[in-house]
S.K.: 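Can you keep this structure in mind? I'll have questions shortly.
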Amino acid sequence: MNIGFPAPDHDHARCVHDLLKRAEQACGGRGLRLTPLRRRVLEALAESHAPLGAYEIVEHLAKAGEPAPPMSVYRALEFLVAERLAHRIESRNAYLACNYGHDGDEVVMFLLCERCGTVAEVASRAVGRDLGEAARGVGFETRAPVLEISGLCANCRKAKPRR
Ligand SMILES: [Zn+2]
Ligand SMILES: [Zn+2]
Ligand SMILES: [Zn+2]
């Protein structure tokens, strides 16, 4: 299942609601606790479909009247990334709430819009197989491969070019 890019007028409150619900279910199923801070960090990430830097999250929490020490925010992010409830987007040095449920042998591809900053996740088993084969050819074993791909999202492609 690929979510793709959200339409500009989509019901985002619902996105956030569904995402938090999925995260709670995933944690429950794995016997882990989505502590209040982990939940708030995920909520802050889920507020936008563009990735946020760790420091932006710290600021966001402070503005919301729920300040947390940066170290605790980093630890919450580490947890969310390890559980694949959020992702680190290396090329942006930022984090994104996961809008997708992952399973083992897929390659996750992050499509990064250069104009609006939105990131969509798509996954492919076929790419996973090809990549695995190419890597094995040089004696390499891939682990949770991720690709980051820049371009323009459908909404930005439709928009008139800026002058
Ligand atoms: Zn949304
Ligand atoms: Zn994901
Ligand atoms: Zn865009």
Side-chain angles (χ1 to χ4, degrees), residues 1-35 38-54 56-57 60-61 63-64 73-132 142-163:
M1 175 186 64
N2 286 326
I3 310 276
F5 286 90
D9 57 353
H10 76 289
D11 180 359
H12 188 64
R14 196 172 167 167
C15 273
V16 175
H17 176 263
D18 290 353
L19 192 143
L20 289 170
K21 203 167 133 196
R22 257 201 319 274
E24 258 158 24
Q25 281 168 353
C27 285
R30 296 169 204 166
L32 300 166
R33 236 161 59 77
L34 193 63
T35 61
R38 289 168 177 174
R39 193 190 154 89
R40 279 203 296 276
V41 169
L42 187 60
E43 224 172 342
L45 287 178
E47 266 181 34
S48 108
H49 288 276
L52 281 184
E56 289 175 290
I57 298 163
H60 180 104
L61 295 178
K63 269 193 210 130
V73 171
Y74 280 112
R75 270 200 293 272
L77 282 169
E78 257 170 41
F79 169 85
L80 295 171
V81 169
E83 295 304 321
R84 299 182 108 184
L85 301 173
H87 301 293
R88 198 179 133 76
I89 307 295
E90 299 289 340
S91 62
R92 300 268 168 96
N93 190 21
Y95 298 85
L96 181 76
C98 180
N99 267 299
Y100 188 87
H102 295 279
D103 73 27
D105 49 352
E106 301 170 324
V107 168
V108 182
M109 291 176 278
F110 296 106
L111 307 179
L112 285 66
C113 179
E114 289 163 358
R115 194 168 296 166
C116 68
T118 302
V119 176
E121 288 183 47
V122 294
S124 166
R125 283 219 164 75
V127 172
R129 273 195 301 273
D130 281 0
L131 189 66
T142 60
R143 252 192 315 133
V146 157
L147 296 173
E148 297 182 13
I149 298 154
S150 292
L152 279 183
C153 78
N155 301 320
C156 290
R157 283 172 54 219
K158 266 186 277 173
K160 295 233 160 65
R162 281 185 196 154
R163 283 168 199 276

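In listed order, ligands and their atoms are each counted from 1.
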S.K.: With rounding to 10 degrees, what does the angle C15:SG / the Zn ion (ligand 1) / H49:NE2 come to?
M.R.: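 Taking the Zn ion (ligand 1) as the apex, I get 110° for this pair.
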S.K.: State, to the nearest 10 degrees, the angle whose vertex is the Zn ion (ligand 3) and whose arms point to SG of C153 and SG of C116.
M.R.: 110°
S.K.: With the Zn ion (ligand 2) at the centre, find the angle made by NE2 from H87 and OE2 from E121, to 10°.
M.R.: 90°
S.K.: Do R22 and L85 touch side chain to side chain, with heavy atoms closer than 4.5 Å?
M.R.: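 Counting from C-beta outward, R22 and L85 never come under 4.5 Å.
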S.K.: For the residue pair N155 and R115, confirm or rule out a side-chain donor-acceptor distance under 3.5 Å.
M.R.: no
S.K.: Would you indicate whether the side-chain heavy atoms of L19 and E43 approach each other to under 4.5 Å?
M.R.: no
S.K.: For H12, what is the atom name of its N, O or S atom nearest to the Zn ion (ligand 1)?
M.R.: ND1
S.K.: Counting only heavy atoms from other residues, nucleotides and ligands, does the tally under 6.0 Å from NE2 of H17 exceed 12?
M.R.: no
